[in-house]
Each structure stands twice: as C-alpha cells, then as structure tokens.
Amino acid sequence: MKSHVKAVVIGGGVVGCSVLYHLAKAGWTDIMLIERSELTSGSSWHAAGGFHTLNGDPNVAKLQAYTVQLYKELEEISGQSCSLHLTGGVMLADSPERMDFLRLAHAKGRYLGMDTELITPSEAKSMFPFMDESHFVGAMWDPVEGHLDPSGTTIAYSKAAKKLGAEIVLRNPVKDLTQQPDGTWNVVTEQGTIHAEHVVNCGGLWAREIGRMVGVELPVLAMEHMYLLTEPMPEVEAFNKETGREMVGVLDFKGEIYTRQERNGILLGTYEKACKPWSPVNTPWDFGHELLAPDLDRIAPSLELGFKHFPGIANAGIKQVINGPFTFAPDGNPLVGPVQGLTNFWVACGVMAGFSQGGGVGLALSNWMVNGDPGFDVWGMDVARWGEWASLRYTNAKVRENYSSRFSIRFPNEELPAARPAQTTPLYDTMVAQNAVMGDSWGLETPLWFARKGTEPKDVVSFHRSNDFEHVGNEVRATRNSVGVTEIANFAKYDVSGSGSEDFLNRLMTNRMPKKGRIVLTPMLNEKGKLIGDFTIAKTGDEKFMIWGSSAAQKYHMRWFEQHLAKDGSVRIHRFDQTLVGLSIAGPNSQKLLAKLVDVDVSSKAFRFMDFREMAVGGAPCMVNRITYTGDLGYEIWMAPSYERLVYAEIKKAGEEFGIVDFGMRALLSMRLEKNFPTWFRELRPIYGPFEGGMDRFIKMDKNDFIGRDAAAKEFSDGPKLRRVSLIVDAVDADVMGDEPIWAKVSGRDFGTVGKTHEFGAPRFDASGAEIRGSEAATGASAVRGLHDGEWSVVGWVTSGGFAHYVEKSMAQGYVPAELANDESEGLFEIEILGHRRKARINVEAPFDPAGEKMRG
Ligand SMILES: Cc1cc2nc3c(=O)[nH]c(=O)nc-3n(C[C@H](O)[C@H](O)[C@H](O)COP(=O)(O)OP(=O)(O)OC[C@H]3O[C@@H](n4cnc5c(N)ncnc54)[C@H](O)[C@@H]3O)c2cc1C
C-alpha cells in the first residue's frame, strides 16, 4: 500500500469504482480506492440491476444516458461482462393525469434526443403479456432501459481502473480523516495512514459516518427496499421462444411496482407507501454482505394491486425475497461535488440508482477534481443544493416522503409537506393569518399567493391552470395599478468587505462594480465562460458591498467565493441567510408610499433608479434598493428580523390610502415574465454562455480581466449558437411548465439538432436488441427521429413560463438557435404542452413597459 497518493476514494461500491475509473481515465493514475471489506459490500451487491435514462431533471437524465452508453466501453476495457440486457421498458398510465405526466416526459425526451413513444395498453401487453390492460389508459415506451449484473458491473469498473494504473486496497476500513494545514488529508486506516491531496467519500450506506469524520452531516438516509424473484415460469420461456426476445421492464405507477424478466422467471419490486428507514442515526460498521429480514406484510397492499394489474404473475411461486438497504438524499438525486467549507473533500453518495447514474456521477466528479469544473450542468445532484436546515430529522422526513411518493404524479404547482415549516420569518404567523398559501423556498416558508378569506389556503394540484389563477391575477393587477408588498426574505444576501473587496468582485463578476450608493446587476462566469451566477450588487461603503442572489444557490455560491478569496485576509465575506430579511414594495404608488414612511427625500431625482441608501423606514434602520424584480417602480427594503413586523405594519398602514395588496412569489414571477426577465436555475444555468442568455449589456469586456473573460470574448466573436427568447403562446388551459420542446417550421434548414447542443444525444447501442421495436433509436442516425415531423423540427426548449396576468398572455422563455431568435413571424414556432402543439411567437420586446420608463419613475 502506497503512503502518498493524489486522491483516496473511500468505498468500493459501484459509485466508488466508477469515480476511480473516471479519475484514472482523466489522467490521475496516482490514486487509491480503499474498501472496508470486499468490493460491493454495501448496497451494490444486492441491487436489482435495473437501469433507465428518464429523470425529472433533464441534466441528470443526460448523465444517466451517458451511464448506459458507457457499459459497452467498460466491458471492452475491463474484459469483464456486465451481463447487459437492453430490453427497453414501458411505463403504464392508469389515469388521464398520469397520461399527461407521460406526455410531458415524452415531449421532454424529444429535445434530449431520446426516442420514447406513446403507445396503447394493448401494445404494452404485447411486450409484457402478464398485464391486464383494462387497468390502464396508455403507456410510454423507452428503448433505452434494461438490466445488468450489479456485481459484474462494479468489478468491471474496478478492473478498468486498475488497468489504467489505479490501486485498490481491500479489507481496510478508513477510521479517521484529519486535514493538514496545507489542505491535504491524512487518511487513517486499519493498515496505516495514507497522505492524500484529495479525499472522495463514496461510502454509500456509511457515507454519513464518513462525513461525520470531518464534521459534516450529509443529508442521506438508507431505506429498506424489497423485491421478489419468482420460480421459473413456462409463460416466460414460451414468450421468449415465440418472439425471439426478452420481456421488457414495466413500471406501474399506480401499483407502485416495477417488474421485468429475470432469467426464466419474473422480478418484481415495490416502492411502498409504508416505507421504512434503516439505521436512521448510525449505520452499523459490522453490516456487510447480508440481507434484511423480508417483511411481506409491509408491501402487501402494493402486491395485492400489482397482482390485479399483472394477474399472470399472481400464481407464480416465490423463490426469494430480497430486502436490502440503500441510500437516498431528500429529493432522491445524488450528492456530488466538493463540500463547501472544506478543502479537497469531495462526495459522491446518496446515489439511489447506481446502475443508472454511477457512470455520470463518476464522470462529473472526475471532471470537477481534475479540471476544476464538472463539465456539465450538475446542479440537480450538487451537494451544495442543501442548506444547514437539511438536518438528520429533516432528511428522515423528506426521504420517507420521497420514497413513498416515488411513483406518485408530481405536479408543477405541488408543494410537498414533509419537514415543514423548517425556517420561518417573523411574518410567518401574519401571512398564515392572511390566508397565504405558503411554499418552501430553500427551507424557508414563503408566501406564494393569498387565498380568499374563508377558503382553505391550498393549491389544487394540476398540470393545468388551477385555483391560484384568479388570485395571482388580482395580486398582479392591483400591484401594477397601484401598489403591492411582498416578502423577499428568501433572496440570498452576502456582504463583502475589506481593502481587497472591490478587486475581488471585479475579478469574479462580468460587470463593473458600482460607485458608492449605486447598484449594478452582474452575471458571474466560470473559467469556461458559462453562467454560474447572477447578482444584484450595491456599494454600501468605501470597502463594502452587499450582494443579493438566488436563495437556492447560497452554498453553491459561497463555495465559489471561498475558493477565490485572497489568502492575505484582505477580503471578508459573510452570508446573512435569515439574519437579514426583506420586503419589496412595487407599483406606481410605491414612491408615494415610501415617502410617507421615511424622513428623507425619495423623489426620483434624489433617490434614482438603481440607487442604494440606508434610511429609517417606519422608524426601523433599513437598507433600501431602488429596484424591483416586478419591473415596476419599486423598492427592496432590507432589515434585521427584529424590525420586520414593525416595517410591514407601517407599510400596510401607510398603504391603505392606495389600496395596497399583499402579493406572493407567483405574482412576482408572473410580473417578471412580461418584462422578459430571466430567473436563475431556469433561464440562467452553467450550460449557457452570457450572450446566449441575453446578458450582453452586463458583460464589460473593456474592464479588468475577469474569470471567464476569454471564453466569453470567444462566444461573442464567434456569435452565440443559441439565444434566450421570450415567446407568447396560444395556450388554452395549461401554460408551459418548463422543459417543453420548441418546434419550428424550418424545413430544409439544419441547425444541428439539440443533441449537438447538449453534451449527450441519445445513448447509442449499435447491436443490442435490434429486433425490438423502437430500438433503432439507439443508433446515431435515428437519435433525431423524434425531432422532425414533416417541415417541423424541434429547435429548442422551454426553460420556464406561465401566465403573464397584466398583459393577459401565456408566456414562455427558452432557448432557440440564434438565427431564429429575432424572428417574430407568426406561424414559425409551436410549443408542445401536454401533447398539444400550441402556436407561439417570439416577442423580442417585453410586452410590459418595454422601454423601462415605469421602473425608472
Ligand atoms: C434491494 C435493492 C434493489 C436495488 N435495485 C436497483 C436497481 O435496480 N437499479 C439501480 O440502479 N440501483 C438499485 N439499487 C440501488 C443501488 O444498489 C445503489 O444505488 C448503489 O449500490 C449505490 O452504490 P454506492 O457505491 O454508492 O454504495 P455502496 O454499494 O453502499 O458501497 C459503499 C462501499 O463503501 C464501503 N465503505 C463504507 N465505509 C467505508 C470505510 N470507512 N472504509 C472503507 N470502505 C468503506 C462499503 O463497505 C461499501 O462497499 C438497489 C438497492 C437495493 C438495496
């Protein structure tokens, strides 16, 4: 065993072995994997081995597609079979809502280069004859699904890594981790201490315990999971013989069941409502290659329904019931990346679908470690997406909620109830008393909209316009016509101070820093010139700045800020979180309202658009920005939480004469739509360049050098390939939700398909399963088949949208090829909403106050 290596990977499950392989492939061969016992001594050995590409997050779906694509390469390099069965799979819809859900997934698949197909229940039955089609209304076929041998696959990764020079040490538990003053690590193991520059926690079932070695409580929890294997069934053999192919995998949402052929029998697993965490506080170190006791009573309700849906399986003899634990993060997606606050400590854990995701996780993490950037948009699995509020108890509640609703329909306006409220502001009770429908904004209760007094403040969940529509519309109109107030405590807030603060911000941000008392808007880029942040910055003192940004990105941004802080202590950065809260007032009467609350001149001459001032509002010391995301005349007022109730009460009292209304986040987002304003994590993400994102006026090439400047300059000189656009949509009763494909009538014009824009197109498998219908989608040429329809092609995708209530239009934002971005012709675009292609037209100028006269006042 070596005593010094560049990186130690802890854990020899499928994820650790994939990380090791990808690091070695990227050129880091001085690396070591340390396994407590034998390889696959956690969840990996008893997995059901299923894999698929579909995921609610398109960027995670792409990494899943990469994983599936990788297996052939892995077999070739390692010489080890993964026992790959690319059977394809069907998802069954039992209701019109579930069919809408499948239509959405199908449409999303189009721009990801997936060739899914909507089919009838009897077509599904022809691929899986055990089902009773009378329980279903439709289905979706996905050719890139199948199953493999979990142990063989893990060993294939390890053999491939070893061939590239990596070392694997077995039967050697890591006991402790201590960081050295230079940021390197001493990895204390049973067989001695290894000095490593980097440590990667791939501890699977023990990832939480490894996190604790460095003082981090990772939000992961293991759940018991059961599947059963039947005795060989003659019907299976007969089907194989007759059709010359294997039965496909089936997912039955209603029955909470997945099932497929396993050898000559059937494998059937459940995600039952009455789920059970395993070792919720501490994972025992002596657990290894063993199973948990089966508990058929717990899954009996699912089995009962399942056997009704699949009567052909009901009478088969059960050969074995597997019950094993595996880990989940609160939202079911992996935890990947460097941990904020630590140096060179990386995680790749909480991977609940190691055989769908392990390859993508390994690739992203190795890119990140070797090149300083994951290379893709991995926000959906970034460990930084959880804040301090994601405690052990929070994780327990959320993971149980996620597991038990894994096969439930998730609606775009659905707020999940578990572990809430976590954080509240001093106004929480007031908002609830005013019948606010509250939402979870990065762990903070935030008003979404206000229901009528005497009615239950609750969303009716739907893919269509719902019960909030009328109320959000009223909030928007009242604000735009007079004045409204909303709580904005959920924004991220930081202050940066010290003699080096201006240079620090100038190096990180693309815009020039403001003069004292002024505000700028500025994107932030990574080295590749992609968007990694979008901020409002005010210069609040000679060596002092305030920054506001996206709430959900607080750890993500702190990690980046800390990585770039000067070592000499000349810059200090502080994240306020909920120690600073805010209210926004907006609308044409907001200036008159503010004037009543302060003792200083706030006329448009004295307090201009984009000015910052400290002033007492209603007697409370506040920071006030003359800016609002509604795009109206308006102000953001920031204060310590102890003053929030006072300031709110004074605003409401002074606003009475103007008929002030409370408005929620939904109204705010509706108003920003009609101003063509983008949002972080929807329109602005690390897969887009600043010119693609339409941030041109905030990129100052002639200021000092800044991170990403050269790449941005190249994007500018080459011309962006894509452009963010706003479209007006002929929607009927459902608006876009995000991720819908944008079609254009562009016959004969080749924009390269979206597959070229995204890093991965369709997964490619040349030979496998060629006889199964739809499987030719796995070839490169047909990967774009679903992207064309006569003269129409899918040319882009929606990032977000909804109903813009003031201008009374359904609107969408999204990305299309740059050549089309200024083409406002009627009949050029269509957006696919719930299976219907709706006409859409680009709107280059914002439909509300395009010249910005109102907000300038
Ligand atoms: C019943 C069941 C069915 C499943 N079906 C599927 C499926 O069909 N498809 C799918 O994709 N996934 C499935 N899974 C999930 C899958 O098993 C996991 O996603 C995957 O195994 C996670 O791999 P891992 O490497 O992260 O963790 P693990 O497999 O838990 O590996 C972690 C490794 O780290 C080692 N380790 C921990 N601590 C230390 C230490 N201090 N020192 C040294 N070594 C240490 C452990 O010994 C272990 O070998 C299933 C899981 C179960 C339980």
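Remember, predicted model here, so these are calculated numbers, not experimental data. In listed order, ligands and their atoms are each counted from 1.
Not one N or O of Met213 is nearer than 3.5 Å to an N or O of ligand 1, by distance alone. An N or O contact shorter than 3.5 Å is missing between Phe326 and ligand 1 by distance. Looking at Gly354 next to ligand 1, an N or O pair under 3.5 Å apart turns up. Remark: ligand 1 and Pro325 share no N or O pair separated by less than 3.5 Å (distance only, no angle test). At least one N/O-N/O distance between Ser43 and ligand 1 falls below 3.5 Å.
In terms of modelled atom types and a separation under 3.5 Å, the side chain of Lys555 and the main chain of Gln340 share no donor-acceptor contact. One N or O on the side chain of Thr259 and one on the backbone of Leu267 form a donor-acceptor pair closer than 3.5 Å. A distance-only check finds a donor-acceptor pair linking the side chain of Asn323 to the backbone of Ala293 [under 3.5 Å]. Judged purely by atom type and a 3.5 angstrom limit, Thr184 has no side-chain atom pairing as donor or acceptor with the backbone of Gln180. Gln191 places a side-chain N or O within donor-acceptor distance of the main-chain N or O of Arg171, the cut-off being under 3.5 Å.
Residue Met352 touches ligand 1 through its backbone alone, judged by heavy-atom distances below 4.0 Å. Counting heavy atoms closer than 4.0 Å to ligand 1, residue Trp206 contributes side-chain atoms (C-beta onward) but none from N, CA, C or O. Of the heavy atoms in Asn323, none comes closer than 4.0 Å to ligand 1. Heavy atoms of Ser37 found under 4.0 angstrom from ligand 1: none, in either backbone or side chain. At a heavy-atom distance under 4.0 Å, only side-chain atoms of Ile10, from C-beta outward, approach ligand 1. Contacts between Cys17 and ligand 1 below 4.0 angstrom, taking non-hydrogen atoms only, are absent altogether. Counting heavy atoms closer than 4.0 Å to ligand 1, residue Trp285 contributes side-chain atoms (C-beta onward) but none from N, CA, C or O.
Between Lys62 and Asp377, none of the side-chain N atoms (NZ, or NE/NH1/NH2) sits under 4.0 Å from a carboxylate O, so this pair counts as no salt bridge. A salt bridge links Glu224 with Arg298; the closest basic N to acidic carboxylate O contact falls under 4.0 Å.
Relative to the six-membered ring of Phe101, Arg98 meets both conditions, a distance below 6.0 Å and an angle of at most 45° to the axis.
Considering only non-hydrogen protein atoms, atom 49 (O) of ligand 1 sits nearest to Glu35 OE1, 2.7 Å. Nearest to atom 26 (O) of ligand 1 among the protein's heavy atoms is Val15 CG2, 3.3 Å. Taking atom 27 (O) of ligand 1 as the reference point, the nearest protein heavy-atom neighbour is Gly204 CA, 3.3 Å. Looking only at heavy atoms of the protein, atom 19 (O) of ligand 1 is closest to Val351 O, 2.6 Å. The nearest heavy-atom contact from the protein to atom 42 (N) of ligand 1 is Val174 N, 2.9 Å. Ranking the protein heavy atoms by distance from atom 34 (O) of ligand 1 puts Gly11 CA, 3.1 Å first. Scanning the protein for heavy atoms near atom 44 (N) of ligand 1, the closest one is Arg36 N, 2.8 Å. Among all protein heavy atoms, the one lying closest to atom 31 (O) of ligand 1 is Gly13 CA, 3.5 Å.
Defined by atom type and a distance below 3.5 Å, a donor-acceptor pair is present between the side-chain atoms of Ser302 and Glu256. With 3.5 Å as the limit, one finds a donor-acceptor pair spanning the side chains of Thr283 and Arg208. No hydrogens or angles considered: nothing links the side chains of Glu38 and His289 as a donor-acceptor pair under 3.5 Å. Residues Asn172 and Thr189 bring a donor and an acceptor atom of their side chains to less than 3.5 Å of each other.
Heavy-atom proximity to Gly324, at under 4.0 Å, picks out these atoms of ligand 1: 53 (C). If you number the atoms of ligand 1 from 1 as listed, the ones under 4.0 Å from a heavy atom of Pro173 come out as 42 (N). Every atom of ligand 1 is numbered from 1 in the order shown, and the set under 4.0 Å from a heavy atom of Gly203 is 32 (C), 34 (O), 37 (C). Remark: ligand 1 atoms within the under-4.0 Å shell around heavy atoms of Ile34 are 43 (C), 44 (N). Remark: ligand 1 atoms within the under-4.0 Å shell around heavy atoms of Tyr227 are 1 (C), 3 (C). Per-residue contacts place Ser41 under 4.0 angstrom from the following atoms of ligand 1 (heavy atoms of the residue considered): 47 (O), 48 (C), 49 (O). Near Cys202, meaning under 4.0 Å from any of its heavy atoms, are these atoms of ligand 1: 32 (C), 34 (O). Listed by atom number, the atoms of ligand 1 under 4.0 Å from Ala48 heavy atoms are 3 (C), 4 (C), 5 (N), 6 (C), 7 (C), 8 (O).
Residue contact annotation: Trp45 has no non-hydrogen atom under 4.0 Å from ligand 1. Residue contacts with ligand 1 do not include Cys349, since none of its heavy atoms lies under 4.0 Å from the ligand. Ligand 1 is never approached by Phe51 to a heavy-atom distance shorter than 4.0 Å.
Across Val188, Val199, Leu177, a single residue satisfies side-chain contact (heavy atoms from CB on, under 4.5 Å) together with Met213, and that is Leu177.
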Given the rule in the side-chain contact (heavy atoms from CB on, under 4.5 Å) test, do Val214 and Asn201 qualify, once you have shown the distances and angles that lead to the verdict?
CA-CA 11 Å; Val214 298; Asn201 175 0; over 6 Å; no
How far apart are the C-alpha atoms of His198 and Trp28, what are their side-chain angles, what is the distance that settles it, and do they pass the side-chain contact (heavy atoms from CB on, under 4.5 Å) test?
CA-CA 11 Å; His198 298 265; Trp28 279 20; 3.5 Å; yes
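More than 12 heavy atoms of other shown residues, nucleotides or ligands fall within 6.0 angstrom of atom NZ in Lys6.
Side chains of Phe128 and Thr87 form no contact here, defined as non-hydrogen atoms less than 4.5 Å apart.
Here the OH-CG distance, from Tyr71 to Leu148, works out to 5.0 Å after rounding to the nearest 0.5 Å.
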